[in-house]
Colleague: 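Below: one structure in structure tokens.
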Amino acid sequence: MEKFDLYNYDRTLSGKTIERGNPVPDGYYRLVVVVLIFNSKGELLIQQRQSYKKNWSNLWDISSAGHVTAGETSQQGASRELKEELGIDYDFSNTAPVMTISFPHGFNDFYIIHKDLDVSKLQLQEEEVQAAKWAAKEEVLQMIDDGRFIPYNKGIVDFIFFQFDHQGTHTKADWTVPIKKV
């Protein structure tokens with residue numbers, strides 16, 4: 001049975017775990033990672049969930065996402081989820097999330113990758129993913145309206161696409177120059 005670490009409100013580990021499928025007790029939080037892959041055209045790699053998935057079956061979703069398992073860091077969970085769902089090896093060990101969004105009983109850590117990939121060469125996880133494709137922001141927003149995409153808040157989708165070519169909150173990023181590490 002898969003287990004998740006439980007965190008306190010200040011995102012410190014509580015020392016407690018929970019098994020998948022059980023509700024998170026009040027006062028505790030779980031950690032979820034979201035990986036967004038953008039190509040050089042500014043399109044987002046999206047995946048279609050399998051028809052037999054319990055939640056959101058057949059709907060399109062962002063590049064990759066999932067729970068961080070017990071004992072993993074956010075970065076390790078992002079690497080594992082990306083490898084499992086799409087067959088992509090990526091080391092997030094020196095990468096901070098571009099943003100974290102809190103939700104009831106959890107935290108979503110968002111990571112962005114800039115990479116041109118051939119969708120036909122992805123190794124889709126049969127249990128989770130039935131298809132993948134590139135999509136522009138307008139297409140994703142239309143798919144939400146049409147009920148073909150997981151019903152994300154459209155303001156978050158706008159922000160995700162904004163983050164694609166911006167570093168932080170103030171200036172357009174120059175992705176040809178490495179970010180300085182302090």
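Note that the structure is predicted; figures quoted are calculated from it, not measured.
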Colleague: Which heavy atom in Q75 sits nearest to a heavy atom in P97, and how many Å separate them?
Modeller: NE2-CD, 4.4 Å
Colleague: If the plane angle is over 60° it's perpendicular, under 30° parallel, otherwise tilted; pick one for F161 and F38.
Modeller: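 Taking F38 first and then F161, their aromatic rings stand perpendicular (interplane angle over 60°).
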Colleague: Please say whether more than 12 non-hydrogen atoms of neighbouring residues, nucleotides or ligands are located less than 6.0 Å from NZ in K133.
Modeller: yes
Colleague: Kindly check if the number of other-residue, nucleotide or ligand heavy atoms within 6.0 Å of OH (Y152) is above 12?
Modeller: yes
Colleague: For H114 and F164, indicate whether the former's side chain and the latter's backbone hold a donor-acceptor pair under 3.5 Å.
Modeller: yes
Colleague: Test your reading of the model: is there a side-chain donor-acceptor pair from E72 to the backbone of T69, 3.5 Å cut-off?
Modeller: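 Yes; judged by distance alone, with no hydrogens or angles, the pair exists.
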Colleague: Does any N or O in the side chain of D146 come within less than 3.5 Å of the main-chain N or O of R148, such that one atom is a donor and the other an acceptor?
Modeller: no
Colleague: Hey, are N8 and S14 close enough side-chain-wise for a donor-acceptor pair under 3.5 Å?
Modeller: no
Colleague: Linking I/L/V/M/F/W/Y whenever any side-chain heavy atoms sit under 4.5 Å apart, do I156 and L44 land together?
Modeller: yes
Colleague: At their closest point, which heavy atom of I62 faces which heavy atom of V35, and how far apart are they?
Modeller: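 Heavy atoms only, the tightest pair is CD1-O, 4.2 Å.
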Colleague: Can you give me the closest heavy-atom contact between S57 and S51, atom names plus distance?
Modeller: CB-O, 3.2 Å
Colleague: For the residue pair K154 and D145, establish whether any side-chain heavy-atom pair is separated by less than 4.5 Å.
Modeller: yes
Colleague: Side chains of V157 and L141: does their closest heavy-atom pair fall under 4.5 Å?
Modeller: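 Yes, their side chains come closer than 4.5 Å.
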Colleague: Does N108 reach the main-chain N or O of T100 with its side chain, forming a donor-acceptor pair under 3.5 Å?
Modeller: no
Colleague: Apply the test side chain to side chain donor-acceptor pair (under 3.5 Å) to residues S79 and Q76: give CA-CA distance (whole Å), side-chain angles for both, the deciding distance (0.1 Å), then the verdict.
Modeller: CA-CA 5 Å; S79 293; Q76 290 167 334; over 6 Å; no
Colleague: Any idea which heavy atoms bring F149 and D61 closest together, and the distance?
Modeller: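 Smallest heavy-atom distance, with atoms named: CZ-C, 3.5 Å.
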Colleague: How long is the gap from CD1 on I101 to CG on N153, to the nearest 0.5 Å?
Modeller: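 Answer rounded to 0.5 Å: 8.5 Å.
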Colleague: Output, in order, the C-alpha distance, side-chain angles, deciding distance and verdict of side chain to side chain contact (heavy atoms under 4.5 Å, CB included) for R11 and S74.
Modeller: CA-CA 11 Å; R11 202 172 157 147; S74 173; 4.1 Å; yes
Colleague: Aromatic rings F107 and Y29: how do their planes relate, parallel, tilted or perpendicular, breaks at 30° and 60°?
Modeller: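 Aromatic pair F107/Y29 classed tilted.
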Colleague: Taking F110 as the starting point, is it possible to reach V32 by hopping between hydrophobic residues whose side chains are less than 4.5 Å apart?
Modeller: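 No; F110 is not reachable from V32 via cluster members.
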Colleague: What verdict does the side chain to side chain contact (heavy atoms under 4.5 Å, CB included) test give for Y90 and I37, after you've listed the backbone C-alpha separation in whole Å, the side-chain angles of each residue and the deciding distance to 0.1 Å?
Modeller: CA-CA 11 Å; Y90 194 88; I37 303 172; over 6 Å; no
Colleague: Is the gap between the ring centers of Y111 and F92 under 6.0 Å?
Modeller: yes
Colleague: Between the side chains of S64 and E85, is a donor N or O closer than 3.5 angstrom to an acceptor N or O?
Modeller: yes
Colleague: Treating Ile, Leu, Val, Met, Phe, Trp and Tyr as nodes and any side-chain heavy-atom pair under 4.5 angstrom as an edge, say whether I113 and M99 lie in one connected cluster.
Modeller: no
Colleague: Can you check whether K41's main-chain N or O pairs, donor with acceptor, with W134's side chain at less than 3.5 Å?
Modeller: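 Between the backbone of K41 and the side chain of W134 there is no qualifying donor-acceptor contact (under 3.5 Å).
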Colleague: Does the pair T73 and V68 meet the rule for a side chain to side chain contact (heavy atoms under 4.5 Å, CB included), with working shown?
Modeller: CA-CA 7 Å; T73 65; V68 174; over 6 Å; no
Colleague: Side-chain donor-acceptor pair under 3.5 Å between E127 and Q50, yes or no?
Modeller: no
Colleague: Determine whether V129 and M143 fall in the same hydrophobic cluster, where Ile, Leu, Val, Met, Phe, Trp and Tyr are linked whenever their side-chain heavy atoms lie under 4.5 Å apart.
Modeller: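 Different clusters.
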Colleague: Ignoring hydrogens and geometry beyond distance, is a side-chain donor-acceptor pair present between D5 and T17 at under 3.5 Å?
Modeller: no
Colleague: Go through the steps to decide whether K137 and D158 satisfy the test side chain to side chain contact (heavy atoms under 4.5 Å, CB included), and finish with yes or no.
Modeller: CA-CA 7 Å; K137 178 174 82 168; D158 281 332; 3.4 Å; yes
Colleague: Are any of the side-chain heavy atoms of F4 and L31 separated by less than 4.5 Å?
Modeller: no
Colleague: Nearest 0.5 Å please: distance from the NZ atom of K115 over to the CG atom of L45.
Modeller: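 One finds 12.0 Å between NZ of K115 and CG of L45.
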Colleague: Roughly how far, to the nearest 0.5 Å, is the CD atom of E43 from the CG atom of D116?
Modeller: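 Going from the CG atom of D116 to the CD atom of E43 covers 9.0 Å.
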Colleague: Give the cluster check for L82 versus L122: same hydrophobic cluster or not, with ILVMFWY residues linked at side-chain heavy-atom distances below 4.5 Å.
Modeller: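 Linked within one cluster.
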Colleague: Sort out for me which residue in Q130, R49, K53, Q48 forms a side chain to side chain donor-acceptor pair (under 3.5 Å) with N58.
Modeller: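 So the option named by the test is Q130.
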Colleague: Which atoms form the tightest heavy-atom contact between A135 and I46, and what is the distance?
Modeller: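 Closest heavy-atom pair between A135 and I46: CB-CD1, 3.7 Å.
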Colleague: For residues 20-35, which residue pairs pass the salt bridge (charged side-chain N to carboxylate O under 4.0 Å, His left out) check, not counting sequence neighbours?
Modeller: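 Only E2-R20 qualify under salt bridge (charged side-chain N to carboxylate O under 4.0 Å, His left out).
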Colleague: Can you see which heavy atom on G147 is nearest to which on L59, and at what distance?
Modeller: O-CD2, 3.1 Å
Colleague: Could you check if a side-chain atom of I18 sits within less than 4.5 angstrom of a side-chain atom of P25, using non-hydrogen atoms only?
Modeller: yes
